[in-house]
Amino acid sequence: MFQRSVIQGCGAYLPARIVTNQDLAQRIDTSDEWIRERTGIVQRHIAAEGELTSDLALAAAQEALKDARVSADEIDLIVCATSTPDQTFPATATRVQALLGITKGAAFDVQAVCSGFVYALAVADNFLRCGQARNALVIGAETFSRILDWSDRGTCVLFGDGAGAVVLTASPEDGSASQRGILSTHLYSDGRYNDALYVDGGPSSTQTAGFLRMHGREVFRHAVVKMAEAIDAALDKTGLQPSDVDWLVPHQANIRIIEAMAKRLDLPRERVVVTVDRHANTSAASIPLALAEAKADGRLKQGDVVLLEAMGGGFTWGSAILRW
Ligand code: UT7
């Protein structure tokens, strides 16, 4: 029997320390006005010293399990999207697995930078649909503060730390149009754009972790075009119209990019889940953080059509449509 993956629960974790635009303006040549106007960001959360990506991931995963009413021993797959792992290896997902007391199934990381959560969701969805796992934890967790060059105002004001997680459960296809679950995933990459957004270090090249480097304007230009492509592919595949979309839950990099996508779908602002003002860009964590917020405050109702889209370093980009 064909299986469908259903999001049963969501969890989120944000480090306690908040750094505002004004705080940054005291340290570098920037202003609250510039950051708000160009990005929509007002503040970001920054992990405490010694607080690891896996600690953030674990907290979000525990909340997602509770929300889904699924126990850790029912989980047989953990996919963690991160570009800021605790260690080069083993995978951050395996530390989360150990801390949850899980000793069965598979746990591994997926690295697609800001598209990471859409990639991880697609991977887990495929495992569930082909019967290789039954209950997956899909996590996006990042501590980008550790790879920021805090003297580069063009990048350091844009990112924050955080984690979000969902529990994905396999459920037999019942053939009804109203059945909950993931309806489509589309993933893309084009490695020719490596130099537009990258980290200038790594174990094989410099034996250092390196710092994030970005040509913001170029990334912006591609983001708008590429995410529109991914959205079109999702609508085509599912036979849905833009007017069928109840919620856009986009990667949160820049309010101007988010607004461009909403405009393309002709979606009013109140149908777009926005967290970039408070979280900044948390890379792979931004979509599950936004999902967790919209579920917790009751915005997402059973049966709603939810569209996810993201674009990041690589370039990588993608989309997913689900019926909530
Ligand atoms: O999540 C992965 C995908 N990432 C993205 O989607 C990010 C996409 N890019 C962007 O969001 C935008 O390009 C940025 C927010 C990064 C930059 O906005 P922009 O409107 O493209 O600005 P810009 O880079 O063209 O810079 C404009 C000016 C420059 O000054 P000049 O050369 O015009 O005199 C910058 O030096 O703004 C200056 N600038 C700043 N000024 C104050 C750059 N950063 C800052 C800053 N504070 N923090």
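Whatever order the structure lists them in is the order used to number ligands and atoms, beginning at 1. All values derive from a computational prediction rather than experimental measurement.
- Within the structure, the closest approach of Thr39 to ligand 1 falls below 4.0 Å when heavy atoms are considered.
- The protein reaches atom 41 (N) of ligand 1 closely, with a heavy atom under 4.0 angstrom from it.
- Residue-level proximity to ligand 1 for Phe220 is carried by backbone and side chain together, each with a heavy atom below 4.0 angstrom.
- Nearest protein neighbour of atom 27 (C) of ligand 1, counting heavy atoms only, is Arg38 NH1, 3.6 Å.
- For Thr155, no heavy-atom contact with ligand 1 is shorter than 4.0 Å.
- Only the backbone of Met311 comes within contact range of ligand 1, with a heavy atom under 4.0 Å; no side-chain atom does.
- If you number the atoms of ligand 1 from 1 as listed, the ones under 4.0 Å from a heavy atom of Val157 come out as 48 (N).
- The two atoms that bring Thr94 and Pro90 nearest to each other are OG1-CB, 3.7 Å, heavy atoms only.
- Summarising the geometry of Cys80 relative to Thr92, their closest heavy-atom pair is SG-CG2, 4.4 Å, with the distance given to 0.1 Å.
- For the 3.5 Å distance criterion, the side chains of Asn254 and Thr39 fail to qualify, holding no donor opposite an acceptor.
- Nearest non-hydrogen protein atom to atom 47 (N) of ligand 1 is Thr30 OG1, 2.6 Å.
- Side-chain contact annotation: Glu142 with Thr84, donor-acceptor N/O pair under 3.5 Å present.
- Without hydrogens or angle criteria, Asp277 side chain to Gly40 main chain gives no donor-acceptor distance under 3.5 Å.
- Listed for the Thr155 side chain is no donor-acceptor partner under 3.5 Å among the backbone atoms of Arg213.
- Shown here for Ser5 and Arg129, the closest heavy-atom pair between the two residues is OG-CG, 4.1 Å.
- Residue, atom and distance of the protein heavy atom nearest to atom 6 (O) of ligand 1 are Ile257 CD1, 3.3 Å.
- With hydrogens and angles disregarded, a donor-acceptor distance shorter than 3.5 Å links the side chain of Arg323 to the backbone of Ala177.
- Polar contact with ligand 1: present for Asn254 (N/O pair, distance under 3.5 Å).
- Applying the ring pair (Phe, Tyr, Trp, His ring centres under 6.0 Å) test to Tyr198 and every residue at least two apart in sequence or in another chain returns nothing.
- Relative ring orientation between His222 and Phe315 is described as tilted, the plane-to-plane angle lying within the 30° to 60° band.
- Within the 3.5 Å criterion, the main-chain N or O of Ala141 finds a donor-acceptor partner in the side chain of Thr82.
- Nearest protein heavy-atom neighbour of atom 9 (N) of ligand 1: Gly216 O, 3.0 Å.
- Under the 4.0 Å distance rule, the nearest protein heavy atom to atom 21 (O) of ligand 1 falls inside the cut-off.
- Looking at atom 5 (C) of ligand 1, its nearest protein heavy atom turns out to be Val219 CG1, 3.6 Å.
- Of the N or O atoms in Ala253, none lie within a sub-3.5 Å distance of an N or O in ligand 1.
- Among protein heavy atoms, atom 1 (O) of ligand 1 sits closest to Asn281 ND2, 2.7 Å.
- At a distance under 4.0 Å, a protein heavy atom can be found next to atom 44 (N) of ligand 1.
- Scanning all protein heavy atoms for the shortest distance to atom 35 (C) of ligand 1 gives Arg153 NH2, 4.0 Å.
- Counting protein heavy atoms under 4.0 angstrom from atom 29 (C) of ligand 1 gives zero.
- Nearest protein heavy-atom neighbour of atom 26 (O) of ligand 1: Arg217 NH2, 4.1 Å.
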